[in-house]
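Not measured: the values here are computed from a predicted model. Letters A, B, ... are given to chains in the order of the sequence lines, protein chains preceding strands, and every chain is numbered from 1.
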Amino acid sequence: MEKGLISVDRWAEGSQAYFLTNLRTDHTQGLSSTWAMAPIFCSRVTAKLFPFKFPNFNLSLLRVLDLGSWHSLSLISPSTGSKVTVQVMAIDAYHCPGAVMFLFRGEFGCMLNTGDFRWEKNCERAKLAKEMLLNALKDDAVDVLYLDNTYCNPTFQFPTREVAAKQVADIISSHPDHDIVIGIDTLGKEDLLLHISNALNVKIWVWPERLQTMHLLGFHDIFTTDTSLTRVRAIPHYSFSINTLEGLNRMHPTIGIIPSGLPWVVKPFEGNCKLFDSLLTSGHNRSKMSSKGGKQNDKSNGNLESVKRFHKYVYSVQYSDHSSYLEIEEFIKLVQPTSMKGIVSSSSCNVDPFYYFGRICGINQPSQKLDNEHQTFGRGVYSGIEKKRKRVGRLGFYLSRVTVMRRGRKGDGLVEMPSATYINIAVLLKIGLEGDRNVYRKENARALD
DNA sequence: GCGATCAGTT
DNA sequence: CACAACTGATCGC
């Protein structure tokens, strides 16, 4: 497609219409409350959450696309000045609340951008999305597929979220006298918390901003910010550490659960390509986790465990909002794109989807260089001006002794609450919470529910 | 004071 | 080269 028409999850100047697949921060890098360039199209749920994330945003620039129907946009070709009609359909991506894929068609052909998506089998919502997609495509072929390739590697196998949610509930019910903390992000994994609440008949504690989000999403009774009402707490992933768990255990027996598609590696590893050796050997060497719940893996999970107890206090469960390798394969087989491109261009291990699925596709892979120059689709983070990050990605960092020791030296952070949104152990232990009314003020305090 | 960018955390 | 997702500090305006 011609440059200068549309952008998906990218917020650089030069397009006439912008599309937002979901509200998580890796898709909104570059977007801010002062945005005034052009209309932004998104789903109804995203639009509802939008002002909470971008408080003074000019909402007249927001355009809601209802799922499953075509919308026409009239744009101007920057090169010829003539009118260009672009049609777009939003389809449920079943990732986090509000997440959608965008299907475009026009003179340029047919393009599908999945945003972040999960493509689970045998799930009602996914079936609906599949029908919607097939209906929309009919005889059209997808010329270019922009794909959530986060887990586009055969190593990434994990069960459906329904199965994983049961595993989490099993872990919790097998620890009846423990407090539970679960690490989550600002959006996503709501279904997991709902399942826990239903299965175990408990309320779920969340931090105040997250409660506002839950209210905006229409969940009014299940979640609470009152620590006395429940032993199950969802805390920001960011605040979840071995250190935190050890601190909590000094007060009351507590276990932590991290729901993530990333399989855990026990030891930090060196270099890139050793990642998968490391994963495989860790799977063989490690003692089996003792889930009392019985069934651990569905058959799609192969022989990799999806529940791991990698620390005295910490379990990880492979609950993922991104598609597994097999689901990606399923999706590509369904769509049969002529060419495709991963929207996550970050990992040397998540290689180009063409490496695994090229054969399924029609003809050829778009030139990498050409594509980077004219790319208008993707995650904002990886856009245009590429920043040089020095950090070294390490899946094993959670158990890095260096990290634990360094944090230990810094102190426990038991009292100070420097920021409005930072949730630390002090909040969980209710230390300094009562007297500190500043903790949750700031801009987000204007609740929208 | 704001937003973009950088650096650092889990 | 490169985990994803997030926060806090810093810098330029």
- Task: Among the candidates C:dC6, B:dG3, C:dA5, find the nucleotide nearest to the side-chain atoms of A:H322.
- Result: C:dA5

- Query: For the atom pair CZ (A:F219) and CG (A:L193), what is the distance rounded to the nearest 0.5 Å?
  - Reply: 9.5 Å

- Message: Under 4.0 Å from OP1 or OP2 of C:dA4: is there any side-chain N or O of A:H95 that close?
- Response: no

- Message: Nearest whole Å is fine: how far is C:dC6 P from A:H27 NE2?
- Response: 10 Å

- A:Q29 CD to B:dT5 C1', in whole Å, measures 10 Å

- Whole-Å distance separating the CD atom of A:E209 from the C1' atom of C:dA5: 17 Å

- In whole angstroms, the gap separating P of C:dA4 from NZ of A:K189 amounts to 13 Å

- In whole angstroms, the gap separating P of C:dC6 from CG of A:N22 amounts to 9 Å

- Figure out the CG/P separation between A:N153 and C:dA2, and round it to whole Å. 15 Å

- Taking A:D185 for the side chain and A:L187 for the main chain, is one N or O donor matched with an acceptor at less than 3.5 Å? no

- Closer than 4.0 Å, any side-chain N/O of A:T25 to the OP1 or OP2 of C:dA5? no

- Ion pair present between A:K53 and A:E209, side-chain N to carboxylate O less than 4.0 angstrom? no

- Query: According to a strict under-4.0 Å criterion, is A:S241 in side-chain N/O contact with OP1 or OP2 of B:dT9?
  - Reply: no

- Query: So do A:L23 and A:H27 actually touch side chain to side chain, heavy atoms under 4.5 Å?
  - Reply: no

- Query: In whole angstrom, what separates A:I184's CD1 from C:dA4's P?
  - Reply: 20 Å

- Is A:D92 salt-bridged to A:R125, cutoff N-O under 4.0 Å? yes

- Query: Of the nucleotides C:dA5, B:dG3, C:dA4, which has the atom closest to the A:R24 side chain?
  - Reply: C:dA5

- Message: I want to verify a distance call: between C:dC6, C:dA4, B:dG3, whose nearest atom is closest to the A:D185 side chain?
- Response: C:dC6

- From the options B:dG3, C:dA4, B:dG8, select the nucleotide whose nearest atom is closest to the side chain of A:Y238. B:dG8

- Query: How close or far is atom P of C:dC6 from atom CH2 of A:W207, stated in whole angstroms?
  - Reply: 9 Å

- Task: Looking only at side-chain atoms of A:T150, point me to the closest of B:dA4, C:dA5, C:dA4.
- Result: C:dA4

